[in-house]
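The next block holds one structure in the form of structure tokens; read it before the comments.
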Amino acid sequence: MEKILQQIIDDNKKYAEYGNVATYIPELRKANKNDLGICIVDMNNNIYEAGNCDKKFTIQSVSKPITLALAIMDSGKDKIFSKVGMEPSGDPFNSIMKLETSKPSIPYNPMINAGAIMITSMIKGKNNEDKLNRIMSFFKKLSGNENLSINEEVYMSEKLTGDRNRAMAYLLKGEGVLTENVDEVLDLYFKQCSIEITVRDLARMGVNLASHGVDILTGKRLIDEEVSKIVKTFMVTCGMYDASGEYAINVGIPSKSGVGGGIMGTVPNKMGIGVYGPSLDEKGNSMAGIKVMQGISQQMNLSIF
Ligand code: DON
């Protein structure tokens, strides 16, 4: 298996050249554009890795399906989906456009930034510190990694430059959709995006979604079955933003990307997949990472369709 993975990495490394690392969060510029790594964890906890699989990077938008699961379990799906829609937006992840033109002016879905900010605002807790602790503890349980922590440099870098996200949050507050303190919500959102992970952490979170929310190591339920279904459906319809349709055809694995270069894939009843390649295409998805996912899907016949 690791031979196959190594071959897929070798075959697709060249695609990194055609993309670029994210620069709008200045700290992300430091990534090495040519890094490419993969980890697969199957339902029996067999772990297969190849390429730059020990590199740490920030989770960024791959955090969105995970906080969505926590928020739905906190407040129930009726409350959550009265504030965030269920439809693909067809727009880039940081687009603000439809917030102004759609009525009611709620974000299209929880995977774009506006929707994810709303979701973070609905995480329960006594105060921001308590909310952050709950988020961190959920990510730690799902990844089976007690040592997850926040990359302070990336967090500060995004906090200093995140004005577009700030604009969306204030617009949502002005419309009465977001009801919490904007600075506090964004602080939490920037921290959530700055959690530092490896492809193994991603694969582990992916396999726990593949098992419908039951931790494959402990047998404990971490996510309600219905919630895990909702999360995976959003990964299919919106996980790769305005490239989700093409990705569903070419790869067919519920996945979520992040501008740190990560992709988390989940193949129901089979495995979780983590990929890292920080060179991004114009839609903010890992350039070589998508090719690697395509290679694995084809070679192992993993499309869910
Ligand atoms: O809010 C942002 O812009 C980043 N923290 C996350 C965006 C992201 O990862 C989009 N993914 N491809």
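Quick note: numbers below take in every heavy atom, side chains included, and nothing from hydrogens, waters or symmetry partners. We count residues from 1, following the sequence as given.
Closest non-hydrogen pair, Ser157 versus Thr161, comes out as O-OG1, 2.8 Å. The two atoms that bring Ser244 and Gly239 nearest to each other are OG-N, 3.6 Å, heavy atoms only. The two residues Val214 and Gly219 have their closest heavy-atom pair at CG1-O, 3.4 Å. Across all their heavy atoms, Thr266 and Lys232 have their closest contact at CG2-CG, 3.8 Å. Heavy-atom minimum distance, Met136 versus Leu148: CE-O, 3.6 Å. Shown here for Ala16 and Ser279, the closest heavy-atom pair between the two residues is O-OG, 2.6 Å.
Note on Leu202: it clusters hydrophobically with Met111, by side-chain heavy-atom contacts below 4.5 Å among ILVMFWY residues. Residue Met205 is not grouped with residue Val267 when hydrophobic side chains (ILVMFWY) are merged at heavy-atom distances under 4.5 angstrom, including chains of intermediate members. In the hydrophobic clustering of ILVMFWY residues, with side-chain heavy atoms under 4.5 Å counting as a link, Tyr24 and Met287 come out apart. In the hydrophobic cluster analysis, where Ile, Leu, Val, Met, Phe, Trp and Tyr join through side-chain heavy atoms closer than 4.5 angstrom, Ile25 is grouped apart from Ile59. Grouping the Ile, Leu, Val, Met, Phe, Trp and Tyr side chains by contacts below 4.5 angstrom, directly or via other members, places Val199 apart from Ile40.
In summary, Arg166 and Asp163 engage in a salt bridge, as defined by a charged side-chain N under 4.0 Å from a carboxylate O. Between Asp42 and Lys270 there is no salt bridge, since no side-chain nitrogen of the basic residue lies less than 4.0 Å from a carboxylate oxygen of the acidic one. Using a 4.0 Å cut-off between charged side-chain N and carboxylate O, Glu27 and Lys30 make a salt bridge.
In this model, no donor atom of one side chain and acceptor atom of the other lie less than 3.5 Å apart for Asn94 and Asn113. One side chain, Glu175 or Ser105, offers a donor N or O that lies under 3.5 Å from an acceptor on the other. A donor-acceptor contact closer than 3.5 angstrom is absent between the side chains of Ser121 and Glu180. Using modelled atom types, one finds no donor on one side chain facing an acceptor on the other under 3.5 Å when comparing Asn20 with Arg29. Side-chain atoms of Ser143 and Asp201 form no donor-acceptor pair, as typed in the model, at a separation below 3.5 Å. For Gln192 and Thr120, the side-chain atoms include at least one donor-acceptor pair closer than 3.5 Å. Using modelled atom types, one finds no donor on one side chain facing an acceptor on the other under 3.5 Å when comparing Glu129 with Asn133. Checking Lys64 against Ser61 by side-chain atom types alone, a donor-acceptor pair falls below 3.5 Å. Using modelled atom types and a 3.5 Å distance limit, the side chains of Asp91 and Tyr108 yield no donor-acceptor pair.
The only option from Val292, Ile253, Ile290 that meets the side-chain contact (heavy atoms from CB on, under 4.5 Å) definition with Ile263 turns out to be Ile290. For the pairing with Asp74, the salt bridge (charged side-chain N to carboxylate O under 4.0 Å, His left out) check across Arg134, Lys131, Lys124 returns one residue only, Arg134.
For Glu2, the CD atom counts as densely surrounded, since its 6.0 Å shell holds more than 12 non-hydrogen atoms of other residues, nucleotides or ligands. Heavy atoms of other residues, nucleotides or ligands lying less than 6.0 angstrom from NZ of Lys79 number 12 at most. Within 6.0 Å of NZ in Lys141 there are 12 or fewer heavy atoms belonging to other residues, nucleotides or ligands. In this structure, Asp54 places its CG atom where only 12 or fewer heavy-atom neighbours from other residues, nucleotides or ligands lie under 6.0 Å away. Sparse packing is recorded around NZ of Lys220, with 12 or fewer heavy atoms of other residues, nucleotides or ligands lying under 6.0 Å away. Within 6.0 Å of NZ in Lys98 there are more than 12 heavy atoms belonging to other residues, nucleotides or ligands.
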Inset, instruction - Quick one: do Arg221 and Asn208 satisfy side chain to side chain donor-acceptor pair (under 3.5 Å)? Show the steps, please. - result: CA-CA 9 Å; Arg221 180 163 288 288; Asn208 285 332; over 6 Å; no
Inset, instruction - For Thr58 and Leu28, run side-chain contact (heavy atoms from CB on, under 4.5 Å): C-alpha distance rounded to whole Å, both residues' side-chain angles, the deciding distance at 0.1 Å, then the answer. - result: CA-CA 9 Å; Thr58 51; Leu28 297 182; 3.7 Å; yes
Inset, instruction - Show the numbers, then the answer: is there a side-chain contact (heavy atoms from CB on, under 4.5 Å) between Asp187 and Asn128? - result: CA-CA 9 Å; Asp187 198 62; Asn128 246 29; 4.3 Å; yes
Inset, instruction - Apply side-chain contact (heavy atoms from CB on, under 4.5 Å) to the pair Tyr247 and Gln294, showing each step before the final yes or no. - result: CA-CA 8 Å; Tyr247 186 88; Gln294 191 173 336; over 6 Å; no
Inset, instruction - Show the numbers, then the answer: is there a side-chain contact (heavy atoms from CB on, under 4.5 Å) between Asn285 and Leu280? - result: CA-CA 5 Å; Asn285 298 320; Leu280 308 179; over 6 Å; no
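Tyr241 has its ring centre less than 6.0 Å from the ring centre of Phe93. Two rings, from Phe81 and Phe234, have their centers less than 6.0 Å apart.
Summarising the geometry, atom CZ belonging to Arg204 is positioned 14.0 Å from atom CE belonging to Met264; distances are rounded to the nearest 0.5 Å. The CG atom of Leu5 sits 9.0 Å away from the CD1 atom of Ile273 when rounded to the nearest 0.5 Å.
Thr237 contributes a side-chain N or O that, together with a main-chain N or O of Thr233, makes up a donor-acceptor pair within less than 3.5 Å. Using a distance-only test at 3.5 Å, with no hydrogens or angles considered, a donor-acceptor pair links the side chain of Lys83 to the main chain of Val177. Looking only at distances, a side-chain donor or acceptor of Asn52 sits under 3.5 Å from a matching main-chain atom of Leu36. A donor-acceptor pair under 3.5 Å links the side-chain atoms of Thr198 to the main chain of Arg200, judged by distance alone. In this structure a side-chain-to-backbone donor-acceptor pair under 3.5 Å is missing from Asp224 to Val227. Ser102 contributes no side-chain N or O that, together with a main-chain N or O of Leu99, makes up a donor-acceptor pair within less than 3.5 Å.
Cation-pi geometry between Lys55 and Tyr276 is not satisfied (NZ or CZ under 6.0 Å from the ring centre, within 45° of the ring normal).
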